[in-house]
Amino acid sequence: MPAETIAVLSRHEEQRASHLIDTFQATIGTPARCVVRAPGRVNLLGEHTDYNGLPVLPMAIDRSVLIALAPRLDRTIRVFNTARRFGPRTYTLSDAIAPYADGDWGNYSKAAAQELARRCGAQLQRGAEFLVDGDIPSGAGLSSSSALVVANALALLAANDVELPFETLAALLPVAERYVGTLSGGMDQATSLLARAGHALRIDFFPLRVRTVPVPAGYSFVVCHSLIQAEKSGAAKQGYNLRVIECRLVCRVLDRLLSAGLPRSLTTLGDLAVLFPHRPLLDFLPSLTAQLPERPLSLTEVAALIGTSPQRLREECGAVGDAFALLRRARHVLSEAERVAQAETALRAGDALAFGQLMDASHASCRDDYEVSCPELEELIALARDAGAVGARLTGAGFGGCTVNLLPEADVPGFLTRIDRHFYRSRLAHSERVGDYRFIFKPQAGAGVFRL
Ligand code: GLA
């Protein structure tokens, strides 16, 4: 087995794995053959850039999905979960698997299985018994769902003794995850698979490229949950998908604006960087500003701008929304890509304060131009700045979920006391543990397989 695929387990994960192996034997009645691990991630900078083909800067966290597994002789896949609220699911491995109802946790397993069946064909013959154990908070913007897809994919491959390079999987699994109806990019799966302990990653897309970036010495990343659930397959889905469509529409506007100078039409905003490698992305904003108002446009207005009929456009966009804030979305995406480049430079220079300022600027852009913040996230950000964070921003898709805050290590205890007192105390029940809602994360290694 290639070294990279051998799982590295933290002490806590070792305990979880050992318990999982016992529970597997007790639940399924046979011994587990392997345990796979796929971590969640926190994105440090570069929000809503991945599906635009522009870079991100995340790191893997020490919260993960573990799956204990044993192969079966038929093509049945049975998926159990140590958490009772996720009931058992059974389905048959094939390249066309009908989904469960919207929001059902079993769809993440089916998403991985269907895509691998398509990709691996006859190599993937065996079904399997899976027992899942996850400790990534769901709806927190920490990629619990992508970690579940990655873990299911690794588990199914292990059950069939098939190996695929992690880079291949990192490109394949974002496509797989569209099964649940979100038009997500590839950051989450790539981070879960390719992360390196002690480092953040700069990830570029189409084609996927990953390089390690140092994190500031003497500083900690503290992640705080706003207590607003932002489930990828739930309410946040429509807001997310609308942003993806808005960005595609910006490409269509640019196609018309730049037509004479474009060798081909734009698929993503990132194509600008490919087609004009020596031109800063922000150079394209003035022509968009001259063409587009600040306010959202109606479908009819967008159709007129890009030279199509409203009916046609409605068919292409589906029912994601009726108002399209094209200029604001473009301003966020193009400036965020520029911030990722500057952030990488700051981190390589060990300049935590410069990195913190870029985090702040990213948050303002996510709030004002991408409009993915919410009052609870804003309250947490204001508190964090008062409590000494050198940078604070929402992380992940937004619409709820978490903030990520950069702090000198020595300031972390005082920071937590203030956040606990002013944010969590009035909101959490006595029985709830505040430690389940805010975390200090160090960068962890990516996914792996542990043969027993
Ligand atoms: C979600 C998606 C990612 C990415 C982020 C926003 O986590 O799964 O692909 O688009 O939102 O940066």
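Side chains are part of it too, since the values below use all heavy atoms of this structure and drop only hydrogens, waters and symmetry mates. As the structure lists them, so they are numbered: ligands from 1, and atoms in each ligand from 1.
- Under a 4.0 Å N-O distance rule, the pair Arg418/Asp420 does not qualify as a salt bridge.
- Every atom of ligand 1 with a heavy atom of Glu47 under 4.0 Å away is listed here by number and element: 6 (C), 12 (O).
- For ligand 1, the polar-atom distance check finds no N/O of Ser143 at less than 3.5 Å from any of the ligand's N/O atoms.
- Under the side-chain contact (heavy atoms from CB on, under 4.5 Å) test applied with Arg41, the options Met59, Arg63, Met187, Gln444 reduce to a single match, Met187.
- For ligand 1, the atoms lying closer than 4.0 Å to a non-hydrogen atom of Asp50 are 3 (C), 4 (C), 9 (O), 10 (O).
- Polar contact with ligand 1: absent for Ser146 (N/O pair, distance under 3.5 Å).
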Can you give the donor-acceptor pairs under 3.5 Å from side chains of residues 350-363 to other protein atoms, not counting sequence neighbours?
unit_1 : atom_1 : unit_2 : atom_2 : d
Asp351 : OD1    : Leu353 : N      : 3.4
Asp351 : OD1    : Ala354 : N      : 3.1
Asp360 : OD1    : Arg385 : NE     : 3.3
Asp360 : OD1    : Arg385 : NH2    : 3.1
Asp360 : OD1    : Ala392 : N      : 2.9
Ser362 : OG     : Glu336 : OE1    : 3.2
Ser362 : OG     : Glu336 : OE2    : 2.8
Ser362 : OG     : Arg393 : NE     : 3.0
Ser362 : OG     : Arg393 : NH2    : 3.3
His363 : ND1    : Leu394 : N      : 3.1
His363 : NE2    : Glu378 : OE2    : 2.8

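- Side-chain atoms of Leu142 and Ile61, non-hydrogen and from C-beta on, do get closer than 4.5 Å to each other.
- An N or O contact shorter than 3.5 Å is missing between Tyr51 and ligand 1 by distance.
- In terms of heavy-atom proximity, Asp255 sits nearest to Leu266 at OD1-N, 2.8 Å.
- Sorted by first then second residue, the salt bridge (Lys or Arg N to Asp or Glu O under 4.0 Å) pairs that include residues 79-99, not counting sequence neighbours, are Arg89-Asp104.
- Proximity to Gly185 (heavy-atom distance under 4.0 Å) selects the following atoms of ligand 1: 9 (O).
- Under 4.0 Å from ligand 1, the heavy atoms of Arg41 that appear belong solely to its side chain.
- Atoms of ligand 1 lying under 4.0 Å from any heavy atom of Met187, numbered from 1 in the order shown and given with element: 4 (C), 5 (C), 12 (O).
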